Amino acid sequence: MGDMHLFHHLTQPAGQTASDVRAQFPVLAQRVHGAALAYLDNAATTQVPLPVLEAMRRFETHDRANIHRGVHTLSQRATDAFEKARSDLRRFIGAGAEHELVLTSGTTEALNLVANGLSSAHAGQVFLQPGDEIIVSGLEHHANLVPWQQAARRSGAVLRILLPDAQGQLHTEDLAQLLTPRTRVFALTACSNATGETPPYAELLAMAAKAGVLTVLDAAQAVAHAIPNLSTLPCDFLAFSGHKMYGPMGTGALVGRRSALERLAPLRYGGDMVEWVTYADAGFAALPSRLEGGTPNVAGAVGMAAAANWIDQIGRDAIDAHVEALRAQAAAGLAALDGVTVLAPHSTHSAIVSFVVRGVHPHDIGTLLDEQGIAVRTGHHCAQPLLEHLGLGPTTRASFAIYNTPQEVERLIAGVARVLEVLR
Amino acid sequence: MSTAETDLYQEVVVEHKRTPRNFGHLAAPTHQARGTNPQCGDDLRVELDIQQGQVHDIRFNGQGCAICIASASMMSEAVKGHPVADAEKLQQHFRAVMTGQSEPDAAYLGKLISLAGVRRYPSRIKCALLGWHALMHALHEAEPDAAPTTPLANPSPPAQAQP
């Protein structure tokens, strides 16, 4: 299978060839231990294309000033750049008039904002009361689990886990069993970073929303492809990161229904989020400012929006088709190796392939693949409870982006086969 | 053959990983401790039978990567039947080699020299040290079933003068 065959869909609307796309990522053109780098760790972070770096550089060299507070020209330009980034990201994720988009430092901050915000006093009330129930799926990354553990402790609410089955899949019937009149929050991932499992999140969110529950979607692994559309989702809070969608690190967004965001106690008190301050007291600003205390990563927001625009120029369908084909190729090739078990084999809309090998530890696989220039991730992937629940220890994980090629997947499969020869 | 294969996965290392020595349990350990590397899932327990200042018997069990298992296996062979003081001296040297503080003394290390390459792979040093860390913890704990411990979390021992 030549790489031109799988890339051919890219030559249509965007008019870019495979090598055009790859050329926009200079970091990929290096050798590691004497072999061409095959960067297959995109679920950890994606690389940043030149147009995104250029947008950030332009901001820093032409428009940089602090935002919102100045009357001078540069501060106005900086504010305009920041607010344009916000509106570009709103459009990207499908936000409508009823939604607000808060710029954060990433998904972790966004999810902490929600969990902390619902379990702390705001306007004289705490949303979560003792005895209330929070349901979190068993697939979650620690960032959408640990904050809820804290929220439960802080508020006296009870944490309940929607466990997946032995194959790591979630079922609506199980959620129906967990929902009670005391359930106030349901938090769920759009895609498990540890297994590549993509739960039926639209259905699950709808079921919870119908029960009057606030819904939280961790979309971190679903904004570079298979991107959710907020306008069609019964979702109160949706969180994502820039660095997982070809944007810079240290950027992200919490987007949600204004009515839901209004309930959140802020996490960062201080400048920019106040209307008035005396020594004794403060009055807080309206959304989204109230949840954006302090000087933000303005260049980062500009970069994140540029990444969103870059994705739409390449084309979402083209990206989806590309990474899903690579995933299918990898899953098939790895599963054919003796003693290799691919997790979530049924997960066709994923860009993540996670696997375990009988008698061989991921740490050794990862080191030996690195020796062949292949970058994968090994360990618990910040999803320790999920892997324990599935009876697994650490895994090896490869994850794909628009710049990866079928040749790189072949190298991964051959590389793993070689590792098995050495170690078994 | 690539560098990590020669540096880390020499035949003797792979052999100890495939067939670890002294893997299992003691009926009545006098000392034991558990060591874990939470990030990678290595989890070992070392069980000792100490009599009159000697390591009369040793076992280890648990799970881990090839480096972790091989190192613990070679460790168990090196300390079994020897004075506790010798085990501690060997641990100090091995740790110093792993952390780049000493050059390896091949004659002294014997088979353990096959792990010297680990010191060039920072992310794997804790793997090679896990069994040793659990061994030291077991020797210094009065009761069995001490809480799990992690290598490099404690301050390093004072630097030893080279003989």
Side-chain angles (χ1 to χ4, degrees), chain A residues 31-38 41 44 142 146 194 339 354-397 411 414-424, chain B residues 1-20 23 34-45 60-73 98 114-131 148 150-152:
Chain A
R31 299 185 83 74
V32 170
H33 299 299
L37 168 65
D41 194 19
H142 297 165
V146 181
S354 191
F355 60 98
V356 293
V357 181
R358 186 190 67 234
V360 184
H361 195 282
H363 233 185
D364 299 308
I365 298 172
T367 297
L368 285 169
L369 286 176
D370 176 60
E371 200 56 31
Q372 301 173 53
I374 303 168
V376 298
R377 188 147 293 253
T378 63
H380 290 123
H381 314 298
C382 301
Q384 229 173 310
L386 169 61
L387 292 174
E388 269 183 42
H389 172 74
L390 295 175
L392 301 167
T395 81
T396 308
R397 182 190 75 184
R411 282 177 60 195
V416 174
R418 166 117 197 98
V419 171
L420 303 194
E421 275 173 42
V422 172
L423 288 176
R424 271 217 298 242
Chain B
M1 194 157 53
S2 61
T3 323
E5 283 181 37
T6 48
D7 274 1
L8 295 186
Y9 299 104
Q10 297 177 34
E11 189 49 48
V12 61
V13 172
V14 178
E15 209 272 311
H16 272 262
K17 174 256 176 193
R18 284 187 191 126
T19 316
F23 192 84
R34 186 176 169 205
T36 65
N37 277 329
Q39 290 119 324
C40 63
D42 291 343
D43 188 342
L44 290 189
R45 192 179 283 272
F60 78 98
N61 54 79
Q63 58 178 28
C65 63
I67 303 298
C68 169
I69 299 292
S71 182
S73 172
M98 285 297 109
S114 63
L115 291 168
V118 174
R119 70 196 195 277
R120 286 188 290 277
Y121 294 79
S123 65
R124 310 304 304 278
I125 292 173
K126 281 211 256 186
C127 307
L129 290 179
L130 184 61
T150 310
L152 304 180

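Letters A, B, ... mirror the listed sequences (proteins, then strands); counts begin at 1. Remember, predicted model here, so these are calculated numbers, not experimental data.
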Structural part of A/His33 lying under 4.5 Å from a heavy atom of chain B: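 Neither part; nothing is under 4.5 Å.
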Salt bridge (charged side-chain N to carboxylate O under 4.0 Å, His left out) involving A/Asp364 - partner list, sequence neighbours excluded: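 A/Asp364 satisfies salt bridge (charged side-chain N to carboxylate O under 4.0 Å, His left out) with B/Arg124 only.
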Top contributor to chain B contacts, counting heavy-atom pairs under 4.5 Å, from A/Ile365, A/Asp370, A/Thr367: A/Thr367
Closest heavy-atom pair and its distance - B/Lys126, B/Asn37: O-ND2, 3.2 Å
Could you give the side-chain donor-acceptor pairs of residues 388-396 of chain A under 3.5 Å, partners two or more places apart or in another chain?
residue, atom, partner, partner atom, Å
A/His389, NE2, A/Pro164, O, 3.0
A/Thr395, OG1, A/Ser354, OG, 2.7
A/Thr395, OG1, A/His381, NE2, 2.8

Salt-bridge criterion met for A/Arg418 and A/Glu421 (N-O under 4.0 Å): yes
Contacting region of B/Ile69 [heavy-atom separation from chain A under 4.5 Å]: neither
Proximal component of B/Cys68, with respect to chain A [non-hydrogen, under 4.5 Å]: neither
